[in-house]
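Worksheet: one structure, shown below.
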There are 2 protein chains.
Amino acid sequence: MARTRTSLSLEQIIEAAITTLDTVGAEKMTLRGLAAQLDSGVASLYWYASGKDQLMAIVSDELLGRALDEAEALERADQPHPKQFENYPPPEPDGRTSTGTAEGLLQIRRLVLCLFAQMLEHRWLASQLIKAGPDEQNSLSYWELVGQALQNSGLDLTRQLQASMVVSTYASGMGAEVSQRAIEREAAEDAEAQHTAQIDHWASFSEEDFPFVHSVLGEFENLDEASDFVMGLDLVLSGLERLTWD
Amino acid sequence: MARTRTSLSLEQIIEAAITTLDTVGAEKMTLRGLAAQLDSGVASLYWYASGKDQLMAIVSDELLGRALDEAEALERADQPHPKQFENYPPPEPDGRTSTGTAEGLLQIRRLVLCLFAQMLEHRWLASQLIKAGPDEQNSLSYWELVGQALQNSGLDLTRQLQASMVVSTYASGMGAEVSQRAIEREAAEDAEAQHTAQIDHWASFSEEDFPFVHSVLGEFENLDEASDFVMGLDLVLSGLERLTWD
DNA sequence: TTCCATTAGCGAACATTGTTCGATAGCAAC
DNA sequence: GTTGCTATCGAACAATGTTCGCTAATGGAA
């Protein structure tokens, strides 16, 4: 009277893996835990992926794909970025910038912010994207889209290549840093207290040795976790824009 | 007639850990291996650090400290950057930029490049710096130095804070990405063949779907592993410079 | 010199994890 | 009915971070 053996599918596994990763994080997520959530055995997972690393690569590529879809949808709807970034309007292009360049930079901005939105939702994604090179399918598409947006910029080919890699690299690199800070913040039971404690700790250092840190402690309330990422992205794009002037 | 038990010191452990990490990488470095190299027992390491994580945090902070020392030495010698970056001269400041700002940006550039030099020498460093927040001593000093370089830039305090965090975050985030690619390249026995194989693989995708990738494949020979990092850094700094104009 | 608390070192065992192996059940085709 | 392929899983393996408890050295106080 054995119950029917559970039957899996890659989509189910991906789904379960995402929720597990979201709740416990990348380090703490174990194949046994994942199998248990699927009401299945550990070894079964090895039929769908060669191991934990590849499984996470597959899952990451899935989320990267969703980011690409979102970006395409936004472009069709003529939206400059996902709605959660309304407080960060794209900077005005300079008068010296060709409309082709300005449009390309806006496309890049939209694309990267869509990816960053996924990173905010899935804190483990960025560091995983770092580990897996541009081998997976969607990773290549992402790079391609960034590059296409640069083709009308007037930059020479070498610069286009360099810029495309800088932008793609920026997203995962900076995203990983921001995600890490978010993870630490969430790990503390009381995030608010943790934050003020951190600031107090910094304030405890000698003002003589750390004048800048002291001068700036009061400004933290003006920032949220997305500020760094978006400002850095806009700095890079601003620098790229300026490259096209000469 | 037992041989004298080996006596350790934190400095020895750090030294051995660095060489071990350099040779086998962060994942493959085990406490047992480290203890063996020190001709000591595993449990002994726990007297000096609370575990593997803290040990790596200590080691990372040590290397960050060396980067700070190097930057200070270079500043005293009036060198714009470590000698391995001679092929990447700092960009000319624009006429609209105050000398105070231009000097500050150069200081930041020198500092970040010194850290990046350590990352090139120690491939595991960047991703480790991501994991450990700005708690350790030298990490705070690093942030402070970046901030001090911004104090004469004319930016308001909130912008100073934001910019300082963007720059510090950029270094480890982008460094982690670049390091990861270098690790993968070294993992292959024949790095050269691996590289051309990668390019061939990209070339195998349809030119219709990936026009940019195809257009740019021939440009890879113009880049080295430091290109991305330095160009991205200069883009960020260029964007910062432009922020001070308005 | 003797005693003893502190510092430092270490072997052995533990718990957890990714991974592999071999067996087996469902199932479709011949 | 036999065969072969797909999918599943329990059990065992190997590696690793960590803890426990015991022991050796050290050096100052009695």
Side-chain angles (χ1 to χ4, degrees), chain A residues 1-61 124 127-128 130-132 183-184 187, chain B residues 1-60 124 127-128 130-132 180 183-184 187:
Chain A
M1 189 58 256
R3 68 169 186 284
T4 53
R5 44 170 58 195
T6 59
S7 98
L8 297 177
S9 77
L10 187 53
E11 285 72 25
Q12 281 175 31
I13 295 180
I14 290 177
E15 200 69 25
I18 290 178
T19 62
T20 304
L21 284 166
D22 285 348
T23 47
V24 304
E27 312 260 288
K28 300 270 173 92
M29 123 113 169
T30 73
L31 294 187
R32 282 175 174 80
L34 179 57
Q37 184 177 332
L38 287 161
D39 194 27
S40 157
V42 200
S44 305
L45 301 174
Y46 282 79
W47 198 90
Y48 294 90
S50 69
K52 189 185 182 185
D53 287 349
Q54 188 181 96
L55 203 160
M56 296 205 53
I58 293 173
V59 173
S60 302
D61 206 57
W124 45 272
S127 60
Q128 186 52 42
I130 289 182
K131 284 177 195 154
I183 288 174
E184 281 161 10
Chain B
M1 113 122 261
R3 69 167 189 283
T4 54
R5 44 170 57 193
T6 60
S7 98
L8 298 176
S9 77
L10 188 53
E11 285 72 25
Q12 282 175 30
I13 295 180
I14 290 178
E15 200 69 24
I18 291 178
T19 62
T20 303
L21 285 166
D22 286 347
T23 48
V24 304
E27 312 260 288
K28 300 271 173 93
M29 125 114 168
T30 73
L31 294 186
R32 282 175 174 80
L34 178 57
Q37 185 178 332
L38 287 162
D39 194 26
S40 159
V42 201
S44 305
L45 301 174
Y46 282 79
W47 198 91
Y48 295 91
S50 69
K52 190 185 183 186
D53 287 349
Q54 189 180 94
L55 203 161
M56 297 205 51
I58 293 173
V59 173
S60 301
W124 45 273
S127 60
Q128 186 53 42
I130 289 183
K131 285 177 194 154
Q180 182 58 33
I183 288 174
E184 281 162 12

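Residue numbering restarts at 1 for every chain, and letters A, B, ... go by the order of the sequence lines. Basis for what follows: all heavy atoms, side chains included, without hydrogens, waters or symmetry-related copies. Everything numeric here is computed off the predicted structure, so don't read it as measured data.
The interatomic distance linking D53(B) (CG) with dG17(D) (C1') rounds to 10 Å, in whole Å. Rounded to whole angstrom, the span from the CD atom of Q54(B) across to the C1' atom of dT18(D) amounts to 14 Å. Between L38(A) atom CG and dC9(D) atom P the separation is 10 Å, expressed in whole Å. The separation between K52(B) atom NZ and dA15(D) atom C1' is 12 Å, rounded to whole Å. The distance between atom CG of L8(A) and atom C1' of dG26(C), rounded to the nearest whole Å, is 14 Å. The distance between atom CH2 of W47(B) and atom P of dG17(D), rounded to the nearest whole Å, is 22 Å. At whole-Å resolution of the value, CG in L10(B) and C1' in dA8(C) are 14 Å apart.
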| said: side-chain contact (heavy atoms from CB on, under 4.5 Å), that's the test. Do L38(A) and L45(A) meet it? Break it down for me. | reply: CA-CA 10 Å; L38(A) 287 161; L45(A) 301 174; 4.1 Å; yes
| Derivation of the side-chain contact (heavy atoms from CB on, under 4.5 Å) call for D53(A) and K131(A) | CA-CA 9 Å; D53(A) 287 349; K131(A) 284 177 195 154; over 6 Å; no
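Looking at heavy atoms from C-beta onward, L55(A) lies in side-chain contact with L34(A) at the 4.5 angstrom threshold. Using a 4.5 Å heavy-atom cutoff, the side chains of S44(A) and L8(A) are in contact.
Between A132(A) and A57(A) the shortest heavy-atom distance is CB-CB, 4.5 Å. Here the closest non-hydrogen pair linking S60(A) and Q128(A) is OG-CG, 2.7 Å. Closest approach of V59(A) to W124(A), counting heavy atoms only: CG1-CH2, 3.5 Å.
Near DNA chain C, meaning a heavy atom under 4.0 Å from it, residues 14-34 of chain B has R32(B) in order of number.
Comparing the local axis fitted to the first five base pairs of the helix from dT1(C)-dA30(D) to dC30(C)-dG1(D) with the one fitted to its last five gives a bend of 20°, rounded to 10°.
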Provide a list of protein-nucleic acid N or O atom pairs under 3.5 angstrom, restricted to nucleotides 20-22 of chain C.
none

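One distance of note links CD of E15(A) with CD1 of I13(A); it measures 12.0 Å at 0.5 Å rounding. We find the CE-CD1 distance between M56(B) and I18(B) to be 10.5 Å, quoted to the nearest 0.5 Å. T20(B) OG1 to L31(B) CG: the interatomic distance, rounded to the nearest 0.5 Å, is 10.5 Å.
Here the side chain of K52(B) pairs a donor or acceptor atom with the backbone of M29(B) at under 3.5 angstrom.
Relative to the side chain of S40(A), the nucleotides dG18(C), dA7(D), dC9(D) differ in distance, and dC9(D) lies closest.
Applying the 4.0 Å criterion to OP1 and OP2 of dC10(C), one finds that S44(B) has a side-chain N or O inside that range.
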